[in-house]
Amino acid sequence: MSQQAAEWQRQGLKIALVPTMGCLHAGHLSLMHKAVALADRIIVSIFVNPMQFGPNEDFGSYPRQLEMDCRLAEKEGVHAVFCPDAQDMYGPSFQTKVSVANLSQGMCGADRPGHFDGVATVVLKLFHLTRPDVAVFGQKDFQQLAIIRRMTADLNLNIEIVGCPIVRDPDGLAMSSRNKYLQGESRNQALCLSKAILAARRLVAESQTEISADTVISQTRELIAQAGAKLEYAVVINKDSLQNESVITEKSVLAIAAKIGGKVRLIDNARLFLERV
Ligand code: PAF
């Protein structure tokens, strides 16, 4: 992969990387589509990264479908699929980790200790191996995107980081490889995340006065509980700093994580401010 990327660089071609863990869905395809518009050579990495999974998480059962993924990527105009195995990425003496300290602390970082160190470490390795000019990520992993932007700036990586909007099923569910785990009633219950976000946006749009984050969060809690899901967090944060906000501003994002059917952990987020209707 490195040699190929170096060769493309020598030819003056602009390289875009779309890092993924595979099990590609329309959300991933939208990232590839964006990458095709931005660069001459598109690399998709597919690597289920053991370093970002906790001991009781779903590393073993994470859905894998490499052949199908390669076909999908090819159809989108991708030039190379890079799918290293864990031994290639983490030799027996591996001991380095990249930690984006503050941004990794709250939200998913609080629920999944060490997760973002695993993400930052593997993304930095993927950047070195594939030498991209631009890298494209989804905004569903809002905290991840902020962490990668911070790492890229802090380490002077000279890579443009592009975030793409969440792609949703027609009924609103944000696309995720983990949606594969949802069966029967769980699929229905999972809609509570996007419904809570929609309700929050409506609350903000319809309010004539300033609205507090607490009001939005209480309503969110209620809706998630009513659906029978288990809320892990609901926060109103500034889109750039990820700091909690007390009142809703143009920069406010509502971010939610909830466990569906007692075990499938899903996340979703959206800007809260809408034009008044
Ligand atoms: O978002 C993902 O799929 C992963 O966290 C990433 C960025 C590919 C790193 O393993």
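Counting convention: from 1, in listed order, for ligands and their atoms alike.
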> Ignoring hydrogens and geometry, is there a side-chain-to-backbone donor-acceptor pair from Q226 to C192 under 3.5 Å?
Replying inline: no

> Backbone N or O of M89 within a donor-acceptor pair of the K125 side chain at under 3.5 Å?
Replying inline: yes

Is the closest side-chain donor-acceptor distance between [X] and [Y] under 3.5 Å?
X: Q3; Y: E7; answer: no
X: K180; Y: Q65; answer: yes
X: N49; Y: Y90; answer: yes

Within a distance under 4.0 Å of any heavy atom of [X], pick out the atoms of ligand 1 and give their elements.
X: T20; result: 8 (C)
X: V122; result: 9 (C), 10 (O)
X: P19; result: 8 (C)
X: Q52; result: 4 (C), 5 (O), 9 (C), 10 (O)

> At what distance is the nearest protein heavy atom to atom 3 (O) of ligand 1, and which residue and atom is it?
Replying inline: M21 CG, 3.6 Å

> Quick one: hydrophobic cluster around V167, which other residues, with the 4.5 Å side-chain cut-off, linked directly or via members?
Replying inline: M175

> Does any N/O atom on N49 come nearer than 3.5 Å to any N/O atom on ligand 1?
Replying inline: no

>> Considering both backbone and side-chain atoms of Q144, is one of its nitrogen or oxygen atoms within less than 3.5 Å of a nitrogen or oxygen in ligand 1?
In response: yes

> Where on L126 is there a heavy atom closer than 4.0 Å to ligand 1, on the side chain, on the backbone, on both, or on neither?
Replying inline: neither

